[in-house]
Amino acid sequence: MITGTTSLLATTTTIASPTNPAPTSPTKSQLATTDYYFLPENSENLARNMVVKELEEAVGFTETASKLYATIDLEKARVGRTRLIDCNHSHPKWDESFHIYCAHVTSNVSFSIKEDQPIGASHIGRAQIPIQEVLNGNEIDKWLDIFHKHNKPIHGHSKLHVKLQFFDISQDRNWCRGIRSENFRGVPYTFFPQRNGCKVSLYQDAHVPNGFITKIPLSGGKFYEPQRCWEDIFDAISKAKHLIYIAGWSVYTKIILIRDPKRQKPGGDKTLGEILKKKAKEGVRVLILVWDDRTSTNVLKRNGLMHTHDEETGEYFYNSEVHCVLCPRNPDNGRSIIQDFEISTMFTHHQKIIVVDSEMPNGNDERRRIVSFVGGIDLCDGRYDTPSHSIFGTLGTAHHNDFHQPNFAGASIEKGGPREPWHDIHTRLEGPVAWDVLFNFEQRWWKQGGKDLLVKLRELDEIFISPSPVMYPQDQETWSVQLFRSIDGGAAFGFPEDPDCVAKAGLVCGKDNIIDRSIQDGYINAIRRAKNFIYIENQYFLGSSFAWNSKDLKDEEVGALHLIPKELSLKIVSKIEAGERFTVYVVIPMWPEGIPEIASVQAILNWQKRTMEMMYTDIAKALKAKGIEANLKDYLTFFCLGNREKKENEEYVPLQKPPSNSDYSRAQESRRFMIYVHAKMMIVDDEYIIIGSANLNQRSMDGARDSEIAMGAYQPQHLATSNPARGQIHGFRMALWYEHLGMLDDSFVRPESLECIQKVNRMSEKYWNLYSGETLEEDLPGHLLSYPVRVSANGEITELPGMEHFPDTRARVLGSTSEFLPPILTT
């Protein structure tokens, strides 16, 4: 499609601050090897790669049109959109550049000219370039005739000038080759550059008790040591001297971070709210940004539809030294009244970050540095859990005052379990990248924080060190880390408006907003680099609706256009065509959190089913073309997590009972419930990891919907070059598999192998049968369950025999479409 001009930069030089030094521009060779690809219609090849350089101008328009914009489409998928411009003359100009990742089947690249209206837009005309003109990779620089929808030239024979170049992804130097050296420069054309010399701590769940993990060998004769998230957060907040910045979807003041009786700390019995108030009284600047759930009003109900406690948290800190701002998900400037209402009520601020000042790595307490936390765990109720994920056993202890069960109407500790266990992943960042997280918070505070309360670090340069590495380049434990976001100008201050500056900043011009959607770019680049396997844990898995091929609805109206599912299936297809092994493991919740029978949950499950079916169909066609007979789940397999516990003599006894013949009572009687997967993580070849707040759905990947943050990282001394990677990422994956499967097997060190995938599939099917069975003889030996669908040889997804509904519910496993919920809400 439209490629970038020679003035494109990898990151911004216009939004620089003492906490975010201006990065350098890429070399010409980097620019030339940018990877964007799509499939020509009826092509049997993998993906091709395309870039769109410049959508320049249109001529021959009357001066009566008010505001114009242009869109770029590949069949069903809208892949680009210019800003609005005033049409006050007959030669409107955009002069905009785009880098567009593509994985589409298409016959044309289409450019549409539209006039903005108070509600919607009127279509003026369309210009097209046949895909066959694009595939040779030569630069196209031409004027295109603009036609009406009936293929007649519009009045005045207007034309559109475009520059366009296509790059074949298979020719890219990083395609299927992983991170080949420590000189890898990160994902190109993003707002934040890759930072070297960092330190990363990886967390599974909020807490890991003593003695949980078996020995997991790493390179250099070391063994993996699990980290403890909420303990480290407690220590970081407690030791801060100058600043504590928190941004969350939800922040609940009543939670207690330290709950393990064998790992108590002084002050660990205090609530989060008490700790923050105490630090503020000590003179620490405590700033909190909490998403303002517009449904949490007295008109509706106090806790809101999402139960975020935002109003309660705001009231708790009112008139205290803690500055807590409830910030709605406002749109960027220029949106219509309808779009404003849509964005502010449907979408959220979803980042989960903490930024504090900390002592130096050598323990020097006089000089201070910045340390940040990023990931999926909010500081709110229901998030504290351990790898055992008990559903009844902790109701009298760790979860007695933190009972979380939103999947049953009226559930409470008084009526007993099962509670909803919570599996999540988080990370701590030290070094230069921690300052990028700080700058993200500053941008958000400048936009919605109100008062100028940010600590002016430039005035404390005798105390704070400037952003600098915390690890030596040759240190075996050094990390290279890059920050990614999904966010727009409605949530972050300081985005440029000039199109050239937007492109230089690694941002995207929308019709009426400036967008950072680098999280999706980070995922796409990592998938394309992958050599052997990918392991994903995510709360949602739906997208690439342009490739669904549905018979009962118009896929183009769904709008779940992000590329990640299609990129994954195309990666597997490319490996099948090359005669190489490649496996993808995906762990998701049994169903999205909420009463599983309701329309929104059922709609999401239905989108998920269509996404799975699209991916399996791609794989089935590739196997058939190669004459291979194989189980599709030997290449791609989906799992969920669940637990089932025997009743113990010392167990908490509830005073009340759930309503009879309800989902709640059936789950209590059967002693089982899903473990909610809230993680947002992808591991590639045990050498690269992405962790953040972003789900694999359109809400999180769009950039103009939910605001998100993530980091992509690797250890330069532990790459999968000549030998498999055996650094911290490998240890972390093995620890997760130990948590989920209850054991480790020698085959697990080679996840791409047929032996490994078949072993994991057999174990997960066994655990599912134990979980869903009528009787219970012992605790479930492992939590990883095969996702309860049948995959046919041609990729069709159907119900398992006798398993139309999830156990103990009347909720359909395959979901159902909703006639009244708009797809924008559930995708």
Undergrad: Please check if any side-chain donor atom of Asn440 sits under 3.5 Å from a side-chain acceptor atom of Glu442, or the reverse.
TA: no

Undergrad: Might you point out which heavy atoms bring Lys352 and Gly375 nearest each other, and give the distance in Å?
TA: CD-O, 3.3 Å

Undergrad: When you measure from the side chain of Gln204 to the backbone of Phe732, do you find a donor-acceptor pair of N or O atoms at a distance under 3.5 Å?
TA: no

Undergrad: Using ring pair (Phe, Tyr, Trp, His ring centres under 6.0 Å) as the criterion, list what pairs up with Phe546, not counting sequence neighbours.
TA: His104

Undergrad: For ring pair (Phe, Tyr, Trp, His ring centres under 6.0 Å), just list the numbers for Tyr535 and Trp737, CA-CA rounded to whole Å, side-chain angles, deciding distance to a tenth of an Å, and then say yes or no.
TA: CA-CA 10 Å; Tyr535 175 64; Trp737 284 27; 5.7 Å; yes

Undergrad: Who pairs with Ala530 by side-chain contact (heavy atoms from CB on, under 4.5 Å), at least two apart in sequence or on another chain?
TA: Ile534, Lys571, Phe582, Val684, Asp685

Undergrad: Test side chain to side chain donor-acceptor pair (under 3.5 Å) on Asp424 and Tyr676; report intermediate values, then the result.
TA: CA-CA 8 Å; Asp424 221 326; Tyr676 196 60; over 6 Å; no

Undergrad: I'd like to know if the side chain of Thr106 and the backbone of Leu74 have a donor-acceptor N/O pair within less than 3.5 Å.
TA: no

Undergrad: I'd like to know if the side chain of Asp310 and the backbone of Asp292 have a donor-acceptor N/O pair within less than 3.5 Å.
TA: no

Undergrad: Which residues pass the ring pair (Phe, Tyr, Trp, His ring centres under 6.0 Å) test with Tyr69, not counting sequence neighbours?
TA: none

Undergrad: Just jot down the salt bridge (charged side-chain N to carboxylate O under 4.0 Å, His left out) partners of Lys575, sequence neighbours excluded, or say none.
TA: Glu580

Undergrad: Using the test salt bridge (charged side-chain N to carboxylate O under 4.0 Å, His left out), find all partners of Asp702 that sit at least two apart in sequence or belong to another chain.
TA: Arg705

Undergrad: Do Phe373 and Ile233 have side chains that approach each other closer than 4.5 Å (heavy atoms only, starting at C-beta)?
TA: yes

Undergrad: State which residues pass salt bridge (charged side-chain N to carboxylate O under 4.0 Å, His left out) with Arg485; sequence neighbours excluded, sorted by chain then number.
TA: Asp516

Undergrad: Would Asn695 and Lys680 count as having a side-chain donor-acceptor pair, cut-off 3.5 Å?
TA: yes

Undergrad: Go through the steps for Glu708 and Ser693 under the test side chain to side chain donor-acceptor pair (under 3.5 Å), then give the verdict.
TA: CA-CA 6 Å; Glu708 309 282 5; Ser693 66; 2.6 Å; yes

Undergrad: In terms of the angle between their ring planes, are Trp446 and Phe439 parallel, tilted or perpendicular, with boundaries placed at 30° and 60°?
TA: perpendicular

Undergrad: Which residue pairs satisfy the ring pair (Phe, Tyr, Trp, His ring centres under 6.0 Å) criterion with at least one member in residues 677-705, sequence neighbours excluded?
TA: Trp422-His678

Undergrad: Could you check whether any side-chain heavy atom of Asn525 comes within less than 4.5 Å of a side-chain heavy atom of Pro188, counting everything from C-beta outward?
TA: yes

Undergrad: Side chain to side chain donor-acceptor pair (under 3.5 Å) for Tyr787 and Gln608? Distances and angles first, verdict last.
TA: CA-CA 12 Å; Tyr787 199 82; Gln608 177 181 282; 3.0 Å; yes

Undergrad: Look only at the side chain of Ser518 and the backbone of Leu483, and say whether a donor-acceptor pair between them is shorter than 3.5 Å.
TA: no

Undergrad: Got a sec, which residues hit salt bridge (charged side-chain N to carboxylate O under 4.0 Å, His left out) with Asp618, two or more places apart in sequence or on another chain?
TA: Lys566

Undergrad: Within 45 degrees of the ring normal and closer than 6.0 Å to the centroid, is that where the cationic atom of Arg177 sits relative to Trp175?
TA: no

Undergrad: Look at the side chain of His350 and the backbone N and O of Ser707, then say whether any donor-acceptor pair between them is shorter than 3.5 Å.
TA: no

Undergrad: Could you list the residues that satisfy ring pair (Phe, Tyr, Trp, His ring centres under 6.0 Å) with His349, not counting sequence neighbours?
TA: none

Undergrad: Among residues at least two apart in sequence or on other chains, which ones pass side-chain hydrogen bond (donor to acceptor under 3.5 Å, both in side chains) with Tyr585?
TA: none

Undergrad: For the residue pair Phe441 and Tyr245, does the interplanar ring angle fall in the parallel (under 30°), tilted (30 to 60°) or perpendicular (over 60°) class?
TA: parallel

Undergrad: Determine whether Gln351 and Asp706 satisfy the following criterion, side chain to side chain donor-acceptor pair (under 3.5 Å), listing intermediate values before the conclusion.
TA: CA-CA 9 Å; Gln351 293 183 351; Asp706 292 348; over 6 Å; no

Undergrad: Looking at side-chain heavy atoms only, is the closest gap between Leu636 and Leu568 below 4.5 Å?
TA: no

Undergrad: List the steps, then state whether salt bridge (Lys or Arg N to Asp or Glu O under 4.0 Å) holds for Asp500 with Lys504.
TA: CA-CA 6 Å; Asp500 189 52; Lys504 290 177 181 178; 3.2 Å; yes

Undergrad: How would you list, by chain and number, every residue that makes a side-chain contact (heavy atoms from CB on, under 4.5 Å) with Ile729, sequence neighbours excluded?
TA: Trp479, Ile683, Ile689

Undergrad: Determine whether a donor-acceptor pair (N or O, by modelled atom type, separation under 3.5 Å) exists between the side chain of Gln194 and the backbone of Phe184.
TA: yes

Undergrad: Does any part of the side chain of Leu507, heavy atoms only, come nearer than 4.5 Å to the side chain of Ile515, both counted from C-beta?
TA: no

Undergrad: Check Leu719 against Glu182 and note the closest heavy-atom contact, atom names and distance.
TA: CD1-N, 4.1 Å

Undergrad: May I ask you to decide if Val677's main-chain N or O and Glu537's side chain share a donor-acceptor pair within less than 3.5 Å?
TA: no

Undergrad: Write down the atom of Val355, the atom of Ser372, and the distance for their closest heavy-atom approach.
TA: CG2-OG, 3.7 Å

Undergrad: Output, in order, the C-alpha distance, side-chain angles, deciding distance and verdict of salt bridge (Lys or Arg N to Asp or Glu O under 4.0 Å) for Arg733 and Asp686.
TA: CA-CA 8 Å; Arg733 179 186 61 81; Asp686 277 351; 2.7 Å; yes

Undergrad: Considering residues at least two apart in sequence or located in another chain, which fulfil the side-chain hydrogen bond (donor to acceptor under 3.5 Å, both in side chains) criterion with Trp607?
TA: Thr826

Undergrad: Under 3.5 Å, is there a donor-acceptor pair between the Ser201 and Gln227 side chains?
TA: no

Undergrad: Short question: side chain of Asn538, backbone of Phe541 - any donor-acceptor pair under 3.5 Å?
TA: no

Undergrad: Is any NZ, NE, NH1 or NH2 atom of the basic residue among Arg428 and Glu430 found under 4.0 Å from an Asp or Glu carboxylate oxygen of the other?
TA: yes

Undergrad: Please name the pair of heavy atoms, one in Met682 and one in Ala526, separated by the smallest distance, quoted to 0.1 Å.
TA: CE-CB, 3.7 Å

Undergrad: Report the C-alpha distance between Phe484 and Tyr523 in whole Å, list the side-chain angles of each, state the deciding distance to 0.1 Å, and finish with yes or no for ring pair (Phe, Tyr, Trp, His ring centres under 6.0 Å).
TA: CA-CA 10 Å; Phe484 307 126; Tyr523 270 93; 8.4 Å; no

Undergrad: Nearest heavy-atom pair of Asp172 and Asn174: which atoms, and what distance?
TA: OD2-N, 2.8 Å

Undergrad: Under a 4.5 Å cut-off applied to non-hydrogen side-chain atoms, are Pro592 and Tyr540 in contact?
TA: yes

Undergrad: Is there a side-chain contact between Val433 and Gln482 in this structure, where contact means two heavy atoms from C-beta onward sitting under 4.5 Å apart?
TA: no

Undergrad: Considering only heavy atoms from C-beta outward, does the side chain of Trp548 approach that of Glu556 to under 4.5 Å?
TA: no

Undergrad: In terms of relative ring orientation, are His423 and His740 parallel, tilted or perpendicular, with 30° and 60° separating the classes?
TA: perpendicular

Undergrad: Charged N to carboxylate O under 4.0 angstrom, Arg195 versus Asp436?
TA: yes

Undergrad: Tell me, do Ile514 and Val508 make a side-chain contact under 4.5 Å, heavy atoms counted?
TA: no

Undergrad: Could you report the tightest heavy-atom contact between Ile690 and Gly712, atom names first, then the distance?
TA: CG1-CA, 4.2 Å

